[in-house]
Amino acid sequence: MESNEKQRKLDLRYLRMAGIWAENSYCQRRQVGALVVKEGMIISDGYNGTPSGFENVCEDDNNVTKPYVLHAEANAITKLARSSNNSDGATIYITASPCIECAKLIIQAGIRRVVYGEKYRLTDGIDLLERAGIETTYLNPNE
């Protein structure tokens with residue numbers, strides 16, 4: 001098997017796993033999952049939700065996402081800060097393309113590849129990642 005095809009199959013597998021991880025989110029409007037993989041090992045994971053110690057309710061009475069809800073990527077990256085791992089050179093798999101705030105975290109965390117499964121209407125996060133020289137790949141996880 002060609003190495004590009006092997007990598008693509010691996011990327012799709014991790015992206016589907018991120019989709020399963022997203023099911024842990026209590027958010028009603030959208031559930032997003034993220035996995036950080038380094039040297040063939042999952043070193044962190046995250047899904048969108050409220051900070052530790054807060055009630056697991058992401059939306060207000062008008063179905064608007066509360067301003068303090070963390071994105072899946074932010075949860076995965078900050079979880080690394082509390083572990084002995086680091087994300088230098090890692091790949092992050094996200095079920096949706098990152099926003100600009102999460103893109104900044106990805107850059108600062110030393111992540112070198114971003115694989116995402118859903119395009120967001122705003123492309124500023126992806127644009128920033130590409131400007132920083134980070135490889136970005138869109139894949140349909142249902143392939």
Side-chain angles (χ1 to χ4, degrees), residues 1-60 64-143:
M1 182 186 302
E2 189 180 314
S3 65
N4 283 351
E5 184 58 26
K6 187 176 182 183
Q7 183 64 55
R8 187 174 186 285
K9 285 187 176 193
L10 197 59
D11 287 345
L12 283 167
R13 195 173 302 131
Y14 281 125
L15 202 51
R16 287 192 302 269
M17 289 169 70
I20 291 168
W21 199 245
E23 295 173 16
N24 288 315
S25 172
Y26 287 90
C27 297
Q28 301 296 313
R29 291 183 60 221
R30 167 181 250 177
Q31 295 179 313
V32 179
L35 294 177
V36 180
V37 177
K38 183 175 178 179
E39 297 169 1
M41 289 180 9
I42 297 170
I43 60 168
S44 191
D45 53 62
Y47 51 87
N48 57 327
T50 55
S52 299
F54 282 64
E55 75 288 349
N56 287 322
V57 179
C58 298
E59 295 85 13
D60 62 20
V64 174
T65 301
K66 294 179 179 177
Y68 53 83
V69 169
L70 289 155
H71 289 184
E73 310 91 307
N75 268 327
I77 291 168
T78 55
K79 188 184 275 190
L80 277 167
R82 297 177 75 175
S83 77
S84 59
N85 284 315
N86 74 69
S87 50
D88 233 11
T91 298
I92 189 166
Y93 295 88
I94 319 162
T95 57
S97 62
C99 70
I100 195 158
E101 293 302 317
C102 288
K104 289 189 263 184
L105 290 175
I106 289 166
I107 293 165
Q108 290 301 97
I111 292 169
R112 299 307 312 149
R113 284 182 75 228
V114 175
V115 179
Y116 61 99
E118 184 185 325
K119 293 181 180 180
Y120 187 58
R121 60 183 169 80
L122 299 176
T123 62
D124 52 355
I126 294 296
D127 296 341
L128 185 65
L129 291 170
E130 290 174 350
R131 181 175 167 197
I134 294 172
E135 180 187 333
T136 62
T137 304
Y138 164 73
L139 287 176
N140 180 344
N142 300 316
E143 287 182 14

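Residues passing the side-chain hydrogen bond (donor to acceptor under 3.5 Å, both in side chains) test with Glu135, sequence neighbours excluded: Arg113. Applying the side chain to side chain contact (heavy atoms under 4.5 Å, CB included) test to Ile100 and every residue at least two apart in sequence or in another chain returns Asp124, Leu128. Every side chain to side chain contact (heavy atoms under 4.5 Å, CB included) that Glu118 has, sequence neighbours left out, goes to Arg30, Ala96. Considering only residues two or more places apart in sequence or on other chains, Asn86 meets the side-chain hydrogen bond (donor to acceptor under 3.5 Å, both in side chains) condition with Lys38. Legend: residues meeting disulfide bond (SG atoms under 2.5 Å apart) with Cys27, ordered by chain and number and at least two apart, are Cys58. In this view, Glu55 and Lys66, Tyr68 satisfy the side-chain hydrogen bond (donor to acceptor under 3.5 Å, both in side chains) rule, not counting sequence neighbours. Residues that satisfy the salt bridge (charged side-chain N to carboxylate O under 4.0 Å, His left out) test with Glu130, not counting sequence neighbours, are absent from this structure. For Thr123, the side chain to side chain contact (heavy atoms under 4.5 Å, CB included) partners at least two apart in sequence or on another chain are Asp127. Residues satisfying the side chain to side chain contact (heavy atoms under 4.5 Å, CB included) criterion with Ser52, sequence neighbours excluded, are absent altogether.
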With a 3.5 Å cut-off and sequence neighbours excluded, list the donor-acceptor pairs that the side chains of residues 70-79 form with protein atoms.
residue	atom	partner	partner atom	Å
Asn75	ND2	Tyr47	O	2.7
Thr78	OG1	Ala74	O	2.7
Thr78	OG1	Asn75	O	3.3
Lys79	NZ	Asp45	O	3.4
Lys79	NZ	Asp45	OD1	2.5

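Around the CD atom of Gln108, the shell of radius 6.0 Å holds no more than 12 heavy atoms that belong to other residues, nucleotides or ligands.
The shortest side-chain heavy-atom distance between Ile126 and Pro98 falls under the 4.5 Å cut-off. No side-chain heavy atom of Thr91 sits under 4.5 Å from any side-chain heavy atom of Leu10. A 4.5 Å side-chain heavy-atom check between Thr50 and Val57 finds every atom pair outside the cut-off.
With rounding to the nearest 0.5 Å, the separation of CG in Leu80 from CG in Leu105 is 11.5 Å. Note: Ile92 CD1 to Ser44 OG = 8.0 Å, rounded to the nearest 0.5 Å. From Thr95, atom OG1 reaches atom CG of Leu35 across 9.5 Å, with rounding to the nearest 0.5 Å. For the atom pair CD1 of Ile106 and CD1 of Ile111, the computed distance is 5.5 Å after rounding to the nearest 0.5 Å.
Among residue pairs with one or both ends in residues 82-116, those qualifying as ring pair (Phe, Tyr, Trp, His ring centres under 6.0 Å) are Tyr14-Tyr93, Tyr116-Tyr138; sequence neighbours excluded. Sorted by first then second residue, the salt bridge (charged side-chain N to carboxylate O under 4.0 Å, His left out) pairs that include residues 81-103, not counting sequence neighbours, are Glu101-Lys104.
Judged purely by atom type and a 3.5 angstrom limit, Gln28 uses its side chain to pair as donor or acceptor with the backbone of Tyr26. Judged by distance alone, the side chain of Ser97 and the main-chain N or O of Tyr120 form a donor-acceptor pair under 3.5 Å.
Listed here is the closest heavy atom pair of Ile94 and Leu15: O-CD1, 3.3 Å. The minimum heavy-atom distance linking Ile134 with Arg112 is given by the pair CG2-O, 3.4 Å. Shortest non-hydrogen contact noted between Gly33 and Ala22 is N-CB, 3.3 Å. The shortest heavy-atom contact between Val36 and Ala90 is CG1-CB, 3.8 Å.
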Between Asn85 and Met41, is the side chain to side chain contact (heavy atoms under 4.5 Å, CB included) condition met? List the steps.
CA-CA 11 Å; Asn85 284 315; Met41 289 180 9; 5.7 Å; no

